Amino acid sequence: MEALNTLRDVVKNPKRIPEDWKAQGKKVVGYRCINVPEEIIYAAGMIPYPLFGTPKAVSLADSYFQPCVCEFIRNVFDLALEGELKFLDGLALCNTCDAVRKLYDMWNLYIKPSSCYIINNPQKLLYEANYKLYRKELERFKQAMEELSGNRISDESLQEAIDLYNENRALLKELYLLRKVENPPFSGEEALDIVMACMLMPKESCNQLLRQLLKEVKGREVYNDSGPRVLITGSIIDDPTLIRMVEEVGGLVVADDLCTTTKYFWHQVKREKDPLDAIYKYNNESCLCACMHPQEARFDYLMELIREFSVDGVIYFNLKYCHPFLYEAPLFQEKLEAEDIPTIFLETGHDLSGIGQLRTRVQAFIEMLG
Amino acid sequence: MTTEIPEKKELQIPSQMFDILMAYAANVKMAKDKGKPVVWSSVLVPKEIFQAMDVPVIYLELISAVVALMQSSGQYCEIAEEKGFSRDVCAFHRCFLGCAAAEERDPFLESVFATPDLIIASNIPCISESKSLLFSAKHFKCPYILIDTPLNTWENNEVPDYTVEYYVGQLREAIDLIKGQGYKFDLDRLKDTVDLSRRLMLVLDEVEGYRKAVPTPIGPVDALWCSVATRLAEPNLALDLFTQLRDELKERVENKIGVLDDEKLRLYFFGVPTLYNMELLNYPEKYGAIIIKSWLEYLFGGAFDPNILNPEKPLESLAIRTITDILNPPFGSMLDFTVKEVKDFQADGVLSVVKRSCGLLPGMTRPIKDAVYDKAGIPTTIFDLDGLDTRERDDVTATTNIDSFIETLLASKRRS
Ligand code: SF4
Ligand code: SF4
């Protein structure tokens, strides 16, 4: 399992990749979330660095954000205040939730010298009338990345980046689809590590590793028993503890809908004459996040995952104070109930506070499914 | 020869404004009972569209505020929580969701509550505005449209045409949906309504000017009712009432008549005031201190630039006004505006309260505190206070925080 081990090592030390990149004199741009087109950053000769948090308790950031603001955002801000993200030459955000909008404000006010950019994307997707606005905002973002990198982004270089990222998405999806079988070749915890590693790595070397991994996992079976099949959806998960817990009590996490997993690679950027148009269409047509509208589109995609992966039960995970998912949960749970799909709502802090108490509930849920 | 000092009498207009609010709510209900379709919306959707089309509208924040005034918000929040909404989501929205989902409502609520035939949501100032109403749309099986507002990343009035075009397109879609409910749209009527709004803003500007006087001529509770009336009163009536209010304030200012006989401290209030206990806004008066401005007033049409509204381009100017609203993120212009306000109102300190379930303000208290201190030398105190959910009511903690802040301010005034 050489490729798998290499990928998992990347996640253990996420800063190594951007540090190596910087050692070559290149720039690093932090980003959050899936609606930031990484291809534009990459085509400008920079490496996109996904912002992940750490399970440590928030300290410094609490005097900037009140403790009732999304803990993931406070955790990231904490890292920035502590100088842990000093290697970033810039930060690119997009218009998703209130917490991300606030991060934009706070970063520009209090984190020096890194500058923060927010893409003014529409929140109404699958909506052709947003084209002009979205397209102009992508142009502005492209221009900002050109200025930051000092490199011009040609249509050719952007198309090359799209092709490279598409290949990465296709390989990840091919790998993920292997989980449809009765005994999947890798666990939910491994799946999370794989995608997070891919988000961190330059795509050329990452794609090579994924090809190797596809060969390595053929015929592999990770679970001893065939327990109930579970899908996890909800707020960001950037630490495997909860997934591990589900698997420890006998659940098979066969599918996940998270911004650190499926949402990152499920769709392809289709080829268009103009690569920026292609990126627009990709973003406009993949309405996968609870922050966006219409909500029904996301529910349809989730129901499709549930069917395709023969899911027995759904875990709805909410990070403390993550409002978009808090609003979505009752609606989605209602939908699941209508379809007779068992579901459970779990909430923890980003520092995993309260996770110990969840074990009994998770166990009872898995037993009920079994 | 002695100058005759006019007798200090109660301001006449604010109490009329409060009556208008209650009448507005009752009229919506009456309209519904007569078979007129009702729209549910939120306070940053341009009211002029509704006014020009004579549509009865329920603004969700206002229903929640009334329910809090009647001490029932906790009970309705609880109903929403039973439906699966977390106690961490905005109490305004939770309370309203509870009102919508309740099988039985209190008589006072029933008398102002009308079910929706169409929902027009916004995504500013916060995500609650767009997401919570989705539940109601499903619950009442009625159409829902979101008016998606581009962020004000330019932070001035020079918003690019393509953002205006995007917003206007959605306003047109909303108008079509309202027309689908049987209402008529007449562009000239909209132009007139926008013109009335523009004139109202000019008067409001003057009102704001008088409010900056020392001693302050209007108390915080009266001022809050007036600000709500800017949204709810029929446009001609609003113009008339605010003109009268301006004259009342002018007279007071010219005669140096303040709410307090001896105004020692002026406080600016940032956050959501305790709607279930409006008396708390008057509490500082026992120290000779007064809240001279409450931030919440901006939500209902505080001081904006009247020149933005151009009756000849009604939809475009409503779009620009919304995009450049100080409550539309990011908050660069909000910070500058607040600093200017705090200076212009000659505040001595800022009371900044954190409503734990709000997705917007808890990320703004620190920058506001820093900005007003760095740029105006004015101190701020920050403390937790949910102004909506009666279950969170804690008058002792609130007054203790106010006591210690005022005592510190008074002590430092004595020293200087
Ligand atoms: S979507 Fe939720 S978890 Fe993600 S940044 Fe926003 S509030 Fe935080
Ligand atoms: S700004 Fe805060 S208080 Fe107002 S509706 Fe949004 S979350 Fe609620």
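Predicted model only: the values in this text are computed from it and were never measured. Each chain gets a letter, A, B and so on, in the order its sequence line appears, and its residues count up from 1.
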*Asks:* Is it the backbone or the side chain of B/Leu133 that comes under 4.5 Å from a heavy atom of chain A, or both, or neither?
*Replies:* neither
*Asks:* Sort B/Tyr166 into side chain, backbone, both or neither according to what part of it lies under 4.5 angstrom from a heavy atom of chain A.
*Replies:* side chain
*Asks:* For B/Cys358, is it the side chain, the backbone, both, or neither that has a heavy atom closer than 4.5 Å to a heavy atom of chain A?
*Replies:* backbone
*Asks:* Under a 4.5 Å cutoff for heavy-atom pairs, which residue among B/Leu360, B/Thr149, B/Ile127 has the most contacts with chain A?
*Replies:* B/Ile127
*Asks:* What part of B/Pro367 gets within 4.5 angstrom of chain A, counting heavy atoms only: side chain, backbone, both, or neither?
*Replies:* both
*Asks:* Counting only non-hydrogen atoms closer than 4.5 Å, does B/Ser357 touch chain A with its backbone (N, CA, C, O), its side chain (CB onward), both, or neither?
*Replies:* backbone
*Asks:* Please flag which part of B/Leu361 lies under 4.5 Å from any non-hydrogen atom of chain A: side chain, backbone, both or neither.
*Replies:* neither
*Asks:* Please classify the contact of B/Ser132 with chain A as side chain, backbone, both or neither, using a heavy-atom distance under 4.5 Å.
*Replies:* both
*Asks:* Check whether any side-chain heavy atom of A/Glu137 lies under 4.5 Å from a side-chain heavy atom of B/Tyr162, and answer yes or no.
*Replies:* yes
*Asks:* Given side chains that start at C-beta, do those of A/Glu347 and B/Asp88 come closer than 4.5 Å, heavy atoms only?
*Replies:* yes
*Asks:* Determine whether A/Tyr321 and B/Arg356 make a side-chain contact, defined as any pair of heavy atoms from C-beta on separated by less than 4.5 Å.
*Replies:* yes
*Asks:* Before you tell me yes or no, could you show the steps for A/His293 and B/Asp148 under side chain to side chain contact (heavy atoms under 4.5 Å, CB included), namely the whole-Å CA-CA distance, both residues' side-chain angles and the distance that decides it to 0.1 Å?
*Replies:* CA-CA 9 Å; A/His293 292 259; B/Asp148 180 15; over 6 Å; no
*Asks:* Under 4.5 Å from any heavy atom of chain B, what part of A/Tyr131 do you find: side chain, backbone, both or neither?
*Replies:* neither
*Asks:* Under a 4.5 Å heavy-atom cut-off, does chain A meet the side chain of B/Lys83, its backbone, both or neither?
*Replies:* backbone
*Asks:* Parallel, tilted or perpendicular: which one describes the rings of B/Phe85 and A/Tyr327, with boundaries at 30° and 60°?
*Replies:* tilted
*Asks:* Check whether any side-chain heavy atom of B/Pro330 sits under 4.5 Å from a side-chain heavy atom of A/Arg101, and report yes or no.
*Replies:* no
*Asks:* Between A/Glu328 and B/Lys131, is there a side-chain N and carboxylate O pair less than 4.0 Å apart?
*Replies:* no
*Asks:* Side chains of B/Thr365 and A/Gln66: do they bring a donor and an acceptor to under 3.5 Å?
*Replies:* yes
